[in-house]
Amino acid sequence: MQKRFFLIILILIVILIIINIIPGLSEGLGNFVYKIFSPFERVFTKAGNAIIGFFQILFSIGDLNENNLALIQKNIELETENARLRDIEQENIELREALSVSKSNYQIKEAALVVGKDLQGIRDWILINKGSKNGISKDMAVISPQGALVGKIAEISGDFSKVMLITDKNSIVAALIEKNRTEGLVKSKKGGLFMDFIPNTENLEKGQKIITSGMDNICPKGILIGTIEDVDESDNQIFQKINITPAFNFLKLERVLIIK
Amino acid sequence: MKIASIIIFIAVLLFIQIGILTQIEILGVYPNLILLSVLSLVIVRGWRKSFGWIVFSGLFLDLYSLQNIVGTAVLAIIMSSALISFLIQRFFRKTNSISLLVAFFFSIVFYEILLIIFLRIFGIDPNFSLASFSIKIVYNIVFALPIFHLIKFYVGKFWKI
């Protein structure tokens, strides 16, 4: 009995080794399982979002009045800015037409649904339902429907792709601070993003936008990454470091766009 | 009827894991209900009788860790299941809440350490910090007893021991 059981374990180990050794077998197995489970996972995630959203509303009722006043004030400011930007946009359209330049720096390749997330928290990766069959290739940039940077394609199978989020510890994005055009690298730390080695001479303020610089040849220039959360000058006299609030909530991500 | 109940139970478990728990993460960490269920099943039914579930759950965790390596979670969950089975049989024959928590604690820590070792062997650098590791253990321990009692109830009612 004991011997038979160890034999089963040995056979299992051999099978696992074979799955990993034969090229494409583990990806194929993954593709097959994702195809079966992704519809359920999507339903579960949507239902989970609804439940979590309900409780978030319930807990935030006390702050609604205060938030409402702040939003009214913000709305007035945004309307003013909007009017100014509409003028600039019109001017921009005219100039682009005159110079024959395309409207954005990128082209949308595919829209995809988020159908999975790393269940063990080993890496900040998500699974989307478009793969090599849809013309997706490695290192393509992935953005949210609102145009904020999500990450890049890390691995592909036939019908699915795995996206490395910008919050993953191995993610590095070439970026610049929109207002003063200071360039740097946005990296991840647990729970957020940061950009360091910014000269102390730069005047940085909370809320300034961080966008992609396009220098890494993966993300086109001008995609929103996030805003400055705080500036950490600490004991370093030469450089300062900024903590960045990502432009969107990764937990609520349901759809993404793959761009090239 | 029994099969339907087991399928409903697994669906509910996956719903909580995928739909709810991944959204209430702390420092990127959320409890692993699948691991806790397997460990509970091992305590209630024994290691050998639960072997199929152990392997199946490990495979599911492997594939939904979005790695291209299949087997790290399978091996880690087999070994941690063996550990909890050994601890219960050898040291905690009369189980109470404290002994269960101790057994869960050692098995979960063992699982997480094995997983990190196996992933590193395959060249995968997992998100790891002492803070998130500690939170993960505590977070799992908090859920361990409710899951254990749920599994015990379900096994008693729908799975013949």
Side-chain angles (χ1 to χ4, degrees), chain A residues 1-2 5 8-9 12-13 15-17 19-20 24-27 29-34 37 40-53 55-56 116-127 154-155 157 160 162-164 167-170 188-191 249-252, chain B residues 11-12 14-35 47-48 51-52 54-55 58-76 78-79 82 111-112 115-116 119 122 124-129 131-133 135-136 139:
Chain A
M1 186 68 183
Q2 192 96 343
F5 199 69
I8 292 171
I9 293 180
L12 179 74
I13 291 171
I15 292 170
L16 291 174
I17 290 169
I19 289 174
N20 287 301
L25 200 57
S26 61
E27 289 91 335
L29 182 66
N31 204 39
F32 173 72
V33 173
Y34 300 147
F37 279 97
F40 299 104
E41 180 153 13
R42 202 157 157 67
V43 171
F44 290 165
T45 308
K46 276 201 150 191
N49 277 342
I51 292 169
I52 299 282
F55 280 104
Q56 276 172 346
K117 194 184 173 192
D118 174 6
L119 280 187
Q120 300 203 86
I122 293 168
R123 294 196 280 195
D124 277 347
W125 284 24
I126 54 169
L127 186 71
E155 282 173 15
S157 60
F160 298 90
K162 293 167 190 174
V163 178
M164 181 198 283
T167 49
D168 188 271
K169 67 179 276 192
N170 295 310
S188 166
K189 59 173 186 178
K190 211 63 199 156
N249 185 350
F250 292 92
L251 297 175
K252 292 201 182 322
Chain B
V12 169
L14 287 176
F15 166 66
I16 297 170
Q17 176 76 61
I18 294 165
I20 309 278
L21 291 180
T22 51
Q23 299 195 53
I24 49 171
E25 58 172 47
I26 301 171
L27 278 174
V29 168
Y30 30 85
N32 190 338
L33 290 196
I34 295 166
L35 170 68
W47 193 58
R48 290 183 186 185
F51 193 72
I54 297 170
V55 175
L59 271 175
F60 189 83
L61 283 174
D62 262 330
L63 292 168
Y64 269 93
S65 298
L66 308 185
Q67 318 298 324
N68 272 340
I69 305 294
V70 179
T72 51
V74 176
L75 294 178
I78 287 174
M79 290 165 85
Y111 173 82
E112 295 297 338
L115 195 65
I116 291 167
L119 287 169
F122 285 103
I124 295 168
D125 188 13
N127 285 337
F128 175 81
S129 71
S132 63
F133 183 82
I135 290 171
K136 199 179 222 177
Y139 218 166

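Per chain, numbering begins at 1; letters A, B, ... match sequence-line order.
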Phe51(B) and Trp47(B) aromatic ring geometry - parallel, tilted or perpendicular at 30°/60° bounds:
perpendicular

Pick one of side chain, backbone, both or neither for Leu35(B), based on which atoms fall under 4.5 Å of a heavy atom in chain A.
neither

Heavy-atom pairs under 4.5 Å with chain B - which of Ala47(A), Gly30(A), Ala50(A) has more of them than the others?
Ala47(A)

Between Ser65(B) and Gln120(A), do the side chains contain a donor N or O and an acceptor N or O under 3.5 Å apart?
yes

Can you say whether Leu12(A) sits under 4.5 Å from chain B via the side chain, the backbone, both, or neither, judging by heavy atoms?
side chain

Given heavy-atom pairs under 4.5 angstrom as the criterion, report whether the side chain, backbone, both or neither of Phe160(A) touches chain B.
neither

Check each atom of Asp124(A) against the heavy atoms of chain B and say whether the ones under 4.5 Å are side chain, backbone, both or neither.
both

Please confirm whether the backbone N or O of Arg123(A) pairs with a side-chain atom of Asp168(A), one donor and one acceptor, at under 3.5 Å?
no

Best-contacting candidate, Phe44(A), Phe37(A), Trp125(A), Phe40(A), against chain B by heavy atom pairs under 4.5 angstrom
Phe44(A)

Minimum heavy-atom separation for Val70(B) and Asp62(B), please, with both atom names.
C-OD2, 3.7 Å

Can you tell me which portion of Ile122(A) sits under 4.5 Å from chain B's heavy atoms? Options are side chain, backbone, both or neither.
both

Less than 4.5 Å to any heavy atom of chain B: does that hold for the side chain of Ile17(A), its backbone, both, or neither?
neither

Name all residues meeting the side-chain contact (heavy atoms from CB on, under 4.5 Å) criterion together with Lys136(B); count only those two or more places apart in sequence or in a different chain, and write none if there are none.
Val29(B), Glu112(B), Asn140(B)

Just by distance, do the side chain of Tyr34(A) and the backbone of Leu63(B) share a donor-acceptor pair under 3.5 Å?
yes

For Gly58(B) versus Ala73(B), what's the shortest heavy-atom pair and its separation?
O-CB, 3.6 Å

Can you tell me which portion of Ile16(B) sits under 4.5 Å from chain A's heavy atoms? Options are side chain, backbone, both or neither.
neither

Under 4.5 Å heavy-atom distance to chain B, tell me which part of Leu127(A) shows up: side chain, backbone, both or neither.
both

If I measure from the heavy atoms of chain B, does Lys162(A) come under 4.5 Å with its side chain, its backbone, both, or neither?
side chain

Please classify the contact between Ile34(B) and chain A as side chain, backbone, both or neither, with a heavy-atom cut-off of under 4.5 Å.
side chain

Sort Leu25(A) into side chain, backbone, both or neither according to what part of it lies under 4.5 angstrom from a heavy atom of chain B.
neither

Between Ile78(B) and chain A, which part of the residue has a heavy atom less than 4.5 Å away: side chain, backbone, both or neither?
side chain

Tyr64(B) portion near chain A, given a 4.5 angstrom heavy-atom threshold:
both

Minimum heavy-atom distance between Thr72(B) and Ile69(B), given as atom pair plus value:
CG2-CG2, 3.9 Å

